[in-house]
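Every value quoted in this text rests on a predicted model; they were computed, and no experiment measured them. Chain letters run A, B, ... following the sequence lines, proteins first and then strands; every chain starts at 1.
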There are 2 protein chains.
Amino acid sequence: MPMDHQPGGAPARVKDRPTWLISRAFARSSGLLAAGFEAHGGGLRSYHYRLLAALEEWGPASQADLGRATGIDRSDVTAVLSELESRGLVARSADPAHGRRNIVTVTAAGVAQLLELDGVVDGVQEQVLDPLTEAQRRQFVALLAKLLG
Amino acid sequence: MPMDHQPGGAPARVKDRPTWLISRAFARSSGLLAAGFEAHGGGLRSYHYRLLAALEEWGPASQADLGRATGIDRSDVTAVLSELESRGLVARSADPAHGRRNIVTVTAAGVAQLLELDGVVDGVQEQVLDPLTEAQRRQFVALLAKLLG
DNA sequence: ACCAGTTGTTGGTCGCGCCAACATTTAACT
DNA sequence: AGTTAAATGTTGGCGCGACCAACAACTGGT
């Protein structure tokens, strides 16, 4: 390796490609998010946040519905819900009308935790977008939205 | 779950946040990349591409240097290099001046594979940016670059 | 009554990123 | 020169997000 290619860099055919930039942006974004959750999120992760948010927004739901509404796989919903339940943030109760189905509810503590996580997530948005001006932030978000159809 | 919230969606407090959009953009981007590599990339993945690119660009190097130049962990470099070696795309030889160090070289077949992967990667850029106009693509890339400092 | 579909659960895979430990070897310092 | 520090390649492991397959229990449609 003749010269010093500042550590963490990438080959020329890689470093300017949109897919690479997107993956770096994601690394930055998810890194900051993970740091925020670890520092002020009670050790929860993004799956927990998504499920709490879904429950608070749409009210009690079955696990299958939660999975469909959030795009999280049924099996992962099961696991994450068990963690939330053991923390008292969520409650599972049997659906009287359907033998197998559970009805999942957010507890008051769960709502409180969600609100706290909201603050963490808001702070991370600030950090992520910090290098951009207000106008650029709006442009960036608009372009992302269009990219995602 | 009273109403149908189109599957794969996300709660309101999630779906418009920049971190979420970035993660969706990454999911799309890396999904297309994975599909491209699987279809026309000989079963290689992005680590293989990054290492081949680094070798082609900077010439023979030690594994540690490759790791530093690409941002890939030493241990992962070892594993991926072994796969590339077993495919004949790369060659490891002992450094005469240093007992422990290896000198890694791209073979002709490795360069050929790299060029093929270049085509795949180029095609994926097209797919990823497809929803944007030319001007928007330039804006988007510029904003990503600024975001990443 | 039967079959098809749903639900919750278990257990597994994959990619990317990262870390710890270890033997081996080289370089730096006293 | 001798001791210590650092570098190198390798093994084995972890975490997260995202999937998939299979299964028993249960429901609904025909």
Side-chain angles (χ1 to χ4, degrees), chain A residues 1 7-8 10 14 19-20 22-24 26-38 41 43-51 61-68 70-83 85 90 92-104, chain B residues 1 7-8 10 14 19-20 22-38 41 43-51 61-68 70-83 85 92-104:
Chain A
M1 199 68 51
V14 167
T19 49
W20 176 252
I22 289 171
S23 105
R24 289 311 90 195
F26 173 71
R28 188 171 130 79
S29 166
S30 67
L32 289 170
L33 217 33
F37 276 131
E38 194 189 337
L44 300 180
R45 294 155 322 204
S46 69
Y47 272 12
H48 303 88
Y49 181 65
R50 281 206 247 166
L51 287 177
S62 74
Q63 301 186 187
D65 280 340
L66 281 174
R68 277 185 291 266
T70 59
I72 300 175
D73 190 87
R74 297 211 309 278
S75 60
D76 298 318
V77 170
T78 294
V80 173
L81 242 34
S82 295
E83 295 175 16
E85 192 180 27
V90 131
R92 271 193 263 228
S93 62
D95 186 328
H98 303 267
R100 200 143 180 74
R101 187 143 48 205
N102 286 337
I103 296 181
V104 185
Chain B
M1 197 71 49
V14 166
T19 49
W20 176 253
I22 289 171
S23 106
R24 289 311 89 196
F26 173 70
R28 188 171 128 79
S29 167
S30 67
L32 290 171
L33 217 34
F37 275 132
E38 194 188 336
L44 299 180
R45 294 157 321 211
S46 71
Y47 271 14
H48 302 90
Y49 181 65
R50 282 206 247 166
L51 287 177
S62 75
Q63 301 185 187
D65 280 340
L66 282 173
R68 278 184 290 268
T70 60
I72 300 176
D73 190 87
R74 297 210 309 278
S75 59
D76 298 318
V77 170
T78 294
V80 172
L81 242 33
S82 295
E83 294 176 15
E85 193 180 25
R92 272 194 261 229
S93 62
D95 185 329
H98 303 268
R100 198 135 182 75
R101 186 142 50 203
N102 286 336
I103 297 180
V104 185

Base, sugar-phosphate, or nothing: which does [X] touch, judged by heavy atoms less than 4.0 Å apart?
X       : value
A:Arg45 : sugar-phosphate
B:Ser46 : sugar-phosphate
B:Arg24 : sugar-phosphate

>> What range of DNA chain C does chain A touch, first nucleotide to last, counting atoms under 4.0 Å from its heavy atoms?
In response: C:dT7 to C:dG17
> Quick one: on DNA chain C, does A:Ala64 or A:Ser23 contact a more 5' nucleotide (nearest heavy atom)?
Replying inline: A:Ala64
>> Both A:Arg100 and A:Ala79 contact DNA chain C. Taking the nearest nucleotide for each, which residue is further toward the 5' end?
In response: A:Arg100
>> Quick check on DNA chain D: between A:Phe26 and B:Gln63, whose nearest nucleotide comes earlier from the 5' end?
In response: B:Gln63
> Between A:Tyr47 and B:Asn102, which has a closest nucleotide on DNA chain D that is more 5'?
Replying inline: B:Asn102
> 5' to 3' on DNA chain D, which nucleotides open and close the contacts with chain B (atom under 4.0 Å from a heavy atom)?
Replying inline: D:dT8 to D:dA18
> Does the side chain of A:Gln63 come under 3.5 Å of the side chain of A:Arg101 through a donor N or O and an acceptor N or O?
Replying inline: no
Tell me whether [X] contacts the main-chain N or O of [Y] through its side chain, where contact means a donor paired with an acceptor under 3.5 Å.
X        : Y        : result
B:His48  : B:Arg45  : yes
B:Asn102 : B:Val104 : no
B:Ser29  : B:Ala25  : no
A:Arg50  : A:Thr70  : yes

>> Can you tell me how far apart CD1 (B:Ile72) and CG (B:Leu66) are? Round to the nearest 0.5 Å.
In response: 8.5 Å
> B:Arg92 and B:Ser82: side chain to side chain contact (heavy atoms under 4.5 Å, CB included), yes or no, with the steps?
Replying inline: CA-CA 9 Å; B:Arg92 272 194 261 229; B:Ser82 295; 2.6 Å; yes
>> Parallel, tilted or perpendicular, judged at 30° and 60°: which one describes the rings of B:Tyr49 and B:Phe37?
In response: tilted
